[in-house]
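Keep in mind it's a predicted model, so treat the numbers as computed, not measured.
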Amino acid sequence: MNNGLIIAAPASGSGKTTVTLALLRLLARQGLPVRGAKSGPDFIDPRFHEAASGAPCVNLDAWAMHPARLRALAGEGARLLVVEGAMGLFDGAPPDGRGAVADLARELDLPVVLVVDAGRMAQSVAPLVAGFAGHDPSVRVAGVILNNTGSPRHAEMLSDALAPLGLPVLASLPRDSALALPSRHLGLVQAGERADLDSFLDHAADALEASLDQDALLAIATPLPPAGSAARLPPPGQVIAVARDAAFAFSYPHLLTDWHAAGAELRFFSPLADAHVPDADFIYLPGGYPELHGGRIAAATNFMSSLKNASQDTVIYGECGGYMVLGDGLIDADGTRHMMAGLLRLETSFATRRMHLGYRHLRPLQGIFDTAFTGHEFHYATTLSARGDPLFAARDAGGAALPDMGLVAGNVQGSFAHVIDLAHSPR
């Protein structure tokens with residue numbers, strides 16, 4: 001039987017990612033079968049999970065995914081599942097908070113370990129934890145990990161204050177600047193960009209191991225529900241060329257797994273390495289950080305020429321960063337304009353950033369897709385101009401209509417939305 005638990009917190013910035021990575025690395029180097037999962041629409045943290053555990057990491061999205069999908073993904077592999085939450089435990093999409101980590105805990109019937117940044121508190125930790133533990137009886141807070149403690153005496157004060165609650169304090173991580181994770185505008189700097197990643201993960205594991213009651217933590221984990229089966233995203237082609245490198249890193253593993261499981265052949269290539277687009281009947285340009293590599297992408301003549309040639313008879317689909325690369329031009333944060341593929345009448349800019357964030361209900365208006373999806377939009381690009389036919393009719397998480405999204409021009413299509421799952425009725 002596979003067991004699992006959730007690492008959550010009262011708020012973002014409490015140290016969930018550091019604690020999760022430390023726990024995954026610690027258990028993995030002890031030879032225990034462990035794997036990570038990330039709550040919500042996140043492309044960056046899962047790659048850190050994989051580096052820490054040596055096992056694939058999946059996204060578990062309680063808003064965008066059907067319950068059967070959640071159970072199927074959580075139940076894959078005979079391992080302990082450590083789920084890293086997002087934001088605060090009860091924070092979800094507007095207007096009602098649906099999709100919060102608490103919803104995932106209910107759906108999978110998993111216990112929650114609450115990570116508390118105690119750097120600026122003492123006895124006040126008790127009412128904070130008591131409030132979260134008692135807020136919803138269907139969400140079981142089973143233990144606490146204290147983060148950012150100032151000294152052994154400080155950790156002892158916090159533990160004494162929590163003792164009457166009957167919740168075990170499983171570990172106390174001391175304040176340590178070496179445990180900080182560098183970030184940029186979409187989240188952490190990507191795992192593959194850190195030459196010191198292994199030493200960071202080992203240092204985090206050492207810091208956690210020094211105070212962790214590992215037996216108590218493992219005893220908290222409970223069996224995952226039966227995995228069953230879930231409807232999969234159908235492959236858009238028999239042979240699919242997938243861009244993959246530092247500029248095109250944001251593809252969901254479950255989407256690629258769905259395509260492969262249905263018999264599609266995936267052929268990966270690197271635009272940054274100026275690789276030719278492989279022969280395929282569908283070309284997928286995922287999101288990522290094209291704005292950081294605009295000059296290299298623009299100068300990738302083999303990639304650009306083969307992409308343009310393929311567009312004559314092959315469907316090309318771009319999401320977010322991939323969508324911008326299909327446009328005429330991209331202006332980076334320094335104000336430099338880079339020529340892109342010119343397959344869509346689209347101009348985007350990072351010179352003036354504006355955050356676009358939220359879940360999306362997506363209904364195709366034309367193009368290759370013939371079913372509705374759930375998706376997510378998260379980017380800082382400004383659209384200077386977009387001319388042509390739209391790809392999706394869109395609604396926000398609350399169901400309110402949004403302007404149509406994306407563009408379609410012949411065989412080329414894309415939008416700023418990342419597709420997550422097939423559309424389903426809200427829980």
Side-chain angles (χ1 to χ4, degrees), residues 6 8 11-12 16 37-46 57-74 83-108 185-187 230-233 250-255 258 286-288 317-324 354-365 369 371-381 383 390-406 414-427:
I6 294 176
S12 295
K16 298 184 302 293
K38 175 65 180 184
S39 173
D42 189 309
F43 295 101
I44 299 174
D45 290 356
C57 175
V58 296
N59 294 80
L60 300 173
D61 196 312
W63 187 93
M65 291 178 174
H66 189 279
R69 164 77 81 176
L70 292 173
R71 292 192 293 271
L73 289 174
V83 183
E84 179 191 348
M87 303 185 293
L89 176 57
F90 296 99
D91 297 331
D96 56 2
R98 188 166 67 88
V101 181
D103 288 341
L104 189 61
R106 294 187 202 96
E107 191 64 56
L108 299 178
H185 53 269
L186 295 182
R232 294 180 178 270
L233 290 156
F250 294 172
S251 56
Y252 284 117
H254 70 268
L255 181 146
D258 282 2
Y317 169 61
E319 286 188 336
C320 201
Y323 172 55
M324 291 186 279
R354 175 170 172 251
M355 186 172 71
H356 302 77
L357 172 66
Y359 284 111
R360 303 290 182 252
H361 300 273
L362 303 169
R363 179 174 59 83
L365 296 171
F369 300 123
T371 185
F373 302 107
T374 57
H376 190 263
E377 183 178 7
F378 182 18
H379 64 93
Y380 283 86
T383 299
L391 175 60
F392 293 122
R395 293 179 289 124
D396 67 13
L402 297 171
D404 293 342
M405 293 187 67
S415 83
F416 276 113
H418 295 274
V419 168
I420 298 176
D421 204 359
L422 299 169
H424 56 272
S425 299
R427 291 180 290 283

According to side chain to side chain contact (heavy atoms under 4.5 Å, CB included), who are the partners of S12, at least two apart in sequence or on a separate chain?
M87
Under 3.5 Å: donor-acceptor pair, side chain of D42, backbone of N59
no
Could I get the full list of salt bridge (charged side-chain N to carboxylate O under 4.0 Å, His left out) partners for R106, not counting sequence neighbours?
D103, D136
Given H376, which of Y359, F43, F250 fulfils the ring-ring contact (aromatic ring centres under 6.0 Å, His included) condition?
Y359
Should W63 and I420 count as side-chain neighbours, where that means a heavy-atom distance under 4.5 Å?
no
Nearest heavy-atom pair of L365 and P390: which atoms, and what distance?
CD1-CG, 3.8 Å
Would you please name every residue forming a side-chain hydrogen bond (donor to acceptor under 3.5 Å, both in side chains) with Y252, sequence neighbours left out?
none
Salt bridge (charged side-chain N to carboxylate O under 4.0 Å, His left out): which pairs involve residues 62-71, sequence neighbours left out?
R69-D258, R69-D421, R71-E107
Going by the side-chain contact (heavy atoms from CB on, under 4.5 Å) test, name the single residue among V83, L60, L89 that passes it with V101.
L89
Search all heavy atoms of C57 against all heavy atoms of A37 and return the closest pair with its distance.
SG-CA, 3.7 Å
With side chains defined as the heavy atoms from C-beta onward, is the minimum distance between F369 and V419 less than 4.5 Å?
no
If you look at every heavy atom in C320 and H418, which pair is closest and at what distance?
CB-NE2, 3.4 Å
So, does S415 use its side chain to make a donor-acceptor pair with the main chain of G406 at under 3.5 Å?
no
Of all heavy-atom pairs between P364 and A372, which one has the smallest distance, and what is that distance?
CD-CA, 4.0 Å
Return yes if some donor-acceptor pair links the side-chain N/O of K38 with the main-chain N/O of V58 below 3.5 Å, else return no.
no
Measure the spacing between CE of M355 and CZ of F378 and express it to the nearest 0.5 Å.
6.0 Å
How long is the span from the NE2 atom in H254 to the CG atom in L73, to the nearest 0.5 Å?
7.0 Å
Nearest heavy-atom pair of K16 and E84: which atoms, and what distance?
C-OE2, 4.0 Å
Within a strict 4.5 Å, meaning less than it, do heavy atoms of the M324 and H379 side chains meet?
no
Quick one: side chain to side chain contact (heavy atoms under 4.5 Å, CB included) partners of A72, sequence neighbours excluded?
A230
Let's go through R354 and H356 carefully: what are the C-alpha distance in whole Å and the side-chain angles of both, what is the deciding distance for side-chain hydrogen bond (donor to acceptor under 3.5 Å, both in side chains) to 0.1 Å, and is it a yes or a no?
CA-CA 7 Å; R354 175 170 172 251; H356 302 77; 3.1 Å; yes
Restricting to pairs with a member in residues 395-405, which pass salt bridge (charged side-chain N to carboxylate O under 4.0 Å, His left out), not counting sequence neighbours?
none
Heavy-atom nearest pair, A397 first then R98, reads O-NH2, 4.4 Å
